[in-house]
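This report concerns only the one structure given below.
Bear in mind the structure is a predicted one, so any value in this text is a computation, not a measurement. Remember, it's 1-based here, ligands and their atoms both numbered in the order they're listed.
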Amino acid sequence: MRIVVAGAAGFVGSHMCDRLLAEGHSVVALDNFLTGDAANLAHLRDHTRFQFVEQDITLPFAIEGAVDSVLNMASPASPKDYLEYPIETLDVGSVGTRRMLQLALEKGARFLVTSTSECYGDPLVHPQVETYWGNVNPVGPRSCYDESKRFAEAMTMAYHRKHGVRTNIARIFNTYGPRMKLNDGRVVPAFLDQALRGEAMTVFGSGVQTRSFCYVSDLVDGLYRLMQSEERYPVNLGNPREMTILEFAEHIRVVTGSKSEIIFQELPEDDPKQRKPDITKARALLGWEPRVALDEGLRETVAYFRGKIPDASA
Ligand code: UDP
């Protein structure tokens with residue numbers, strides 16, 4: 001297949017490109033480097049089945065030749081990034097998604113959009129099932145991301161219902177692994193950076209809020225299975241192993257062998273109190289579940305971050 005990947009220079013996008021090429025597909029990769037990093041694709045520069053186009057997908061563009069599948073993975077994704085680029089975030093989820101859907105329609109291609117567990121907002125149903133409509137603040141600081149992705153899901157369903165495009169919607173939960181941006185503010189790079197430098201680890205609030213972390217290769221496998229399925233409604237992809245942020249900080253200290261102290265800072269506004277995917281649907285539909293244990297995934301991630309932090313002490 002010839003597959004267009006938008007957001008290809010991002011953390012998940014770049015791993016997806018690797019997987020698609022390994023499966024024998026051709027990839028046309030798009031990114032405007034707003035939050036993506038060319039270094040994530042540098043190893044693919046000379047690959048015969050890989051083509052890169054620097055492109056902001058909110059602007060008009062054309063792709064020459066046949067396209068079998070379109071993956072729309074373009075968006076700022078960390079709270080720090082989307083707070084810095086709220087308008088770009090809303091634009092890429094709305095205008096950008098529309099353009100990618102139109103491309104899929106014109107090429108007769110399949111379409112997959114990577115949505116988010118943020119669609120559930122600060123969830124009142126736990127664990128989160130796909131049929132839960134969420135508890136989203138439409139005007140809070142995270143709304144630019146939440147509503148952008150909710151719009152992207154709605155537009156995707158509209159193209160399916162109106163035009164019969166073969167669409168898929170993935171709701172991605174917290175994911176970690178090599179190629180995460182060191183300074184994107186998310187808890188995995190933040191804690192690893194602090195632990196490896198021997199600096200204080202900043203737990204927000206009292207650290208009782210929960211998250212569930214999925215290793216990137218597991219997520220990519222779920223996405224690859226989903227893009228071949230005929231399921232039109234959202235499918236959760238994430239690891240159901242839930243822990244508090246304080247437990248997670250302690251875990252990182254052990255894995256890195258760090259002596260960093262843990263300090264408590266103010267909890268950001270609208271920070272979800274709990275998050276854990278119900279993956280019953282993905283298990284049944286895709287025969288998928290995460291395989292990489294947290295310690296194993298963290299070891300790979302720590303090795304990557306050590307290479308990025310020359311003065312890592314731990
Ligand atoms: N967090 C933290 N310290 C940090 C960064 C994040 O305690 O230095 C917390 C944050 O408040 C949230 C969780 O870790 O409860 C996950 O945050 P992240 O930004 O990774 O993603 P989110 O799941 O909130 O989108």
* Go through the steps for Val235 and Glu130 under the test side chain to side chain contact (heavy atoms under 4.5 Å, CB included), then give the verdict. => CA-CA 6 Å; Val235 178; Glu130 289 90 344; 4.2 Å; yes

* **Salt-bridge present (Arg197, Asp193; N to O < 4.0 Å)** => yes

Could you list the donor-acceptor pairs under 3.5 angstrom formed by side chains in residues 29-42, with sequence neighbours left out?
residue : atom : partner : partner atom : Å
Asp31   : OD1  : Phe33   : N            : 2.8
Asp31   : OD2  : Ala8    : N            : 3.3
Asp31   : OD2  : Ala9    : N            : 2.8
Asn32   : OD1  : Leu34   : N            : 3.1
Asp37   : OD1  : Ala39   : N            : 3.0
Asn40   : ND2  : Ala9    : O            : 2.8

* Pairs where residues 225-249 contributes a residue and the test salt bridge (charged side-chain N to carboxylate O under 4.0 Å, His left out) is met, not counting sequence neighbours -> Arg110-Glu230, Asp221-Arg225, Glu230-Arg232, Glu231-Lys281

* ring-ring contact (aromatic ring centres under 6.0 Å, His included) against Tyr82, all qualifying residues, sequence neighbours excluded -> Tyr145

* Phe248-Phe213 aromatic ring centre distance below 6.0 Å -> yes

* To do: Please list, by chain and number, the protein residues whose heavy atoms come under 4.0 Å of ligand 1.
  => Pro79, Glu118, Arg142, Asn174, Gly185, Arg186, Val187, Ala190, Phe191, Thr202, Val203, Phe204, Gln209, Arg211, Ile245, Pro268, Asp271, Arg275

